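For reference, the structure discussed in these notes is given below.
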Amino acid sequence: MDRQDPLASLFNPSSVAVVGASEVPGKAAERRTRSLLQGGFAGGVYLINPKRSELFGRRAYPALAEIDGSIDLAMIVIPGKFIPQAVAEAAARGARSVVIITAGLGESGPEGKKIEAEIMAVANEHGINVVGPNCSGMYSATAKVNLLGIPNLAPGRLAILAQSGNIIDALTHLARLKGRGFSRIISLGNAIGARFHDYINFLAADPETEVIMLYLESIKFGDELVKAARRAAAIKPIVALKVGRSTAGQRASASHTGALAADDRLVEAAFKQAGIIRVSNVDEMFELAETFLSCPRAGGRRVAILSEGGGDNSVAADNAERWGLEVPVLDEAVQARIKHHLLAGMPAHNPIDYGGTAEENPLVIAETVREVMSDDKVDMVYLTGFFGGFQDIIASHVGRIEVEAAQKLVGLVEELKKPLVVHTAYARDGYASLKVLQEGGVPVLDSSDRAAQKLAALGRRAENAARFQDIRLIEAGGTARPEAEAVIARARAEGRANLLETEARQILAAYGFELPPAVLARTPEEAGRAQAELGRPVACKIVCPDIVHKSEAGGVKLNLATAEAAAAGAGEILDRAARVAARERIVGCLVSPMAEPGQEIIVGFIRNAQFGPVVMFGLGGILVEVLKDVSFGICPLTEDDVERMITSIKGFPVLTGVRGQPPRDLAAIRGLIARLSIIGLENPEIAEIDLNPVIVHEQGATLVDARIILSD
């Protein structure tokens, strides 16, 4: 065991103590002690129970202090108030990890949270990794350690990280039915010690694990989760089920874990950014994990679709597009070879309809698939229709040919290393040909949509491998931090969380934002002179720490084309401001030129409780206020993240030029997002930034208004 790895003692212990061991049937301690003893663990086992001298035919000890050896791992199943002392005693015996099964702590209220804090104080003092509390336990195939209480777990290549014991029960049951096994299983519970990202980092480097499954009810340290998952997704797929999409789901999640669910739009954005493949149900998660185990790696998202009917092909093509797959036109030489297997006059561009020839001779299907797989434009194959059922539709003897065709299809997958997924209406009928496919690792489904989902997941894995091979983060340089820090310190000294726009401009300028000229006018006369100096129509905006929403307070005047108009407008603004704020708190008006026409966008920043620094982007006006057409990026960002934020909004075509409008400066938008992310990373005191609106032109962008809010 590598003592340098903080999780090595958890997954590969040489000795285990069970604190609170029991023989009472059905008790949590009894089930887990039994699964440990019957699971084949070859190391030392110490059963701790002050009321028993023997348990399960083995010696029992009254306390950890009484054992005659050292331990690496302790499982604790005792009342909460005794746990901190038990952790200290485990540390004294050399334990590097503890698994705390006991519930009723942090999720139950302040007293429980206090005990959790005491547990972590002891754990941190002694360098102990804590799993739980309020968890179901753990399993590690390499050490044959089963502390889950689930008997007869088989070793395999799947790993589970879950905040629910019920989900672990469901996944292990599905695995048993499908003949699959696990490398590692962790029930995180309240996760007061090691977090999801710690385990993901371990599993990414774990040679025993091929696919990682996550079940999350709440998210903490989401930025670290994104970083860890992005590194892991480059080499192995991560499939996640995150609950809390609905209001009811959020209520159930909060009551179960004692943590509020993260905003689901941020969760969705974070998962996409990290390469995590999100699902909605446990069966979906297991099916996708199994697909990754059985199918060869795809080269991309390009799929060829084949059927004996145009209807199934059309449905499959629609499903493929909905799941983000590409259906390319095949190479002309490949089309020419395929046409030999089709009825005269039938096209072979993709999708391919071999109806009229394949039903009586299913070997045509295998021959057509070979030709399709030989095309470099094809990454995987989507077979849809009635395969396996031709013996019912045509004649019984066709079943034998279907078996032969199935054998050839399995051979093609092995030979050409391209995934094949089969959708057939006969998937549940158990015909021999379909069993050949399934035993050969070819997924067979009765849902065309689910078949497309599997193919999309395979394509996503290929995309992740390409995206994350060379991760270059947009990182802070630190040179602008002192100037921002000084501005923030002045506001703090005055007891303000809302920075003046003049102060916000100082910080933005320090970080390289190009800002239009602006003059702070303290009187109407100064506003008039400022307009005259600028020599063009101007906007006047109130500058007052107590007025955050300027427009709502009547604190904005636009298109003031003369000095007289600017002076009058400023006077009106200052009078209105005096109705809602003390005169001595009103700094003045900010006078700046009206922006040239262009496309409004919004770029924002929030410091989120679950994900830390987050940048937002969207088109301005009704698109952001009503349609909420925005994207999010979890910091730190990569250049690829920035590009995806821009191109993923529904309104992106507006930026490329539509209906005679010129294309907008995408490079300027990229720069805005990147620099805003750096401000967020470098300045933890900042809670929110709104750059709204920003007017993007053919060349450059004009930052019209800026707001920065400090954290409480």
Side-chain angles (χ1 to χ4, degrees), residues 237 239 268 272 275 277-281 283-285 287-288 290-292 294-331 334-335 338 342 346-355 358 365 368-388 409 412-413 416-427 437 441-467 644 647-648 650:
V239 186
E268 194 73 26
K272 288 180 180 178
I277 298 166
R278 191 176 188 183
V279 296
S280 300
N281 297 287
D283 58 330
E284 278 183 79
M285 180 156 63
E287 280 190 13
L288 287 190
E290 193 176 28
T291 299
F292 287 124
S294 63
C295 291
R297 294 194 179 194
R301 289 175 169 265
R302 300 168 301 177
V303 62
I305 300 173
L306 305 90
S307 177
E308 67 285 336
D312 279 317
N313 272 343
S314 296
V315 171
D318 285 350
N319 286 331
E321 182 175 335
R322 188 163 61 83
W323 282 102
L325 296 167
E326 300 174 26
V327 185
V329 175
L330 300 179
D331 183 81
V334 173
Q335 290 189 49
I338 289 173
L342 311 182
M346 293 297 291
H349 39 63
N350 190 23
I352 297 160
D353 183 347
Y354 43 55
I365 298 173
T368 307
V369 169
R370 174 178 284 280
E371 298 297 349
V372 165
M373 284 188 173
S374 71
D375 194 330
D376 291 338
K377 295 179 182 177
V378 173
D379 298 310
M380 43 199 168
V381 177
Y382 185 175
L383 202 65
T384 180
F386 298 102
F387 187 85
L409 289 170
L412 286 172
V413 172
L416 300 177
K417 307 300 182 189
K418 292 188 178 182
L420 167 66
V421 174
V422 175
H423 156 248
T424 171
Y426 289 83
L437 291 175
V442 175
V444 177
L445 301 101
D446 61 357
S447 165
S448 177
D449 180 68
R450 192 68 70 88
Q453 181 190 23
K454 284 178 176 280
L455 290 161
L458 292 167
R460 182 83 176 276
R461 179 183 191 179
E463 183 182 79
N464 288 343
R467 278 176 63 199
R644 284 168 173 267
T647 58
S648 65
K650 294 182 178 67

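Source: prediction; values computed, not measured.
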I want to check something: taking the side chain as every heavy atom from C-beta on, are Val315 and Thr384 in contact at a cut-off of under 4.5 Å? no
Could you tell me whether the side chain of Tyr426 reaches within less than 4.5 Å of the side chain of Phe387, counting heavy atoms only? no
With distance as the sole test, does Asp312 use its side chain to make a donor-acceptor pair with the main-chain N or O of Leu383 at under 3.5 Å? no
Of all heavy-atom pairs between Ile338 and Ala348, which one has the smallest distance, and what is that distance? CG2-CB, 3.8 Å
Using the test side-chain hydrogen bond (donor to acceptor under 3.5 Å, both in side chains), find all partners of Asp331 that sit at least two apart in sequence or belong to another chain. none
Decide yes or no for Arg450 and Glu284: does some side-chain heavy atom of the first lie under 4.5 Å from some side-chain heavy atom of the second? yes
Check whether any side-chain heavy atom of Ile277 sits under 4.5 Å from a side-chain heavy atom of Phe292, and report yes or no. yes
Check Val303 against Asn350 and note the closest heavy-atom contact, atom names and distance. O-ND2, 3.2 Å
Kindly indicate whether the side chain of Leu288, heavy atoms from C-beta on, has any atom under 4.5 Å from the side chain of Lys454. yes
Do Leu325 and Met380 touch side chain to side chain, with heavy atoms closer than 4.5 Å? yes
Considering residues at least two apart in sequence or located in another chain, which fulfil the side-chain contact (heavy atoms from CB on, under 4.5 Å) criterion with Ala465? none
Output all residues satisfying side-chain hydrogen bond (donor to acceptor under 3.5 Å, both in side chains) with Glu308, sequence neighbours left out; order by chain, then residue number. none
Is any side-chain heavy atom of Lys272 less than 4.5 Å from a side-chain heavy atom of Arg644? no
Answer yes or no: is there a side-chain heavy-atom contact under 4.5 Å between Leu420 and Leu409? yes
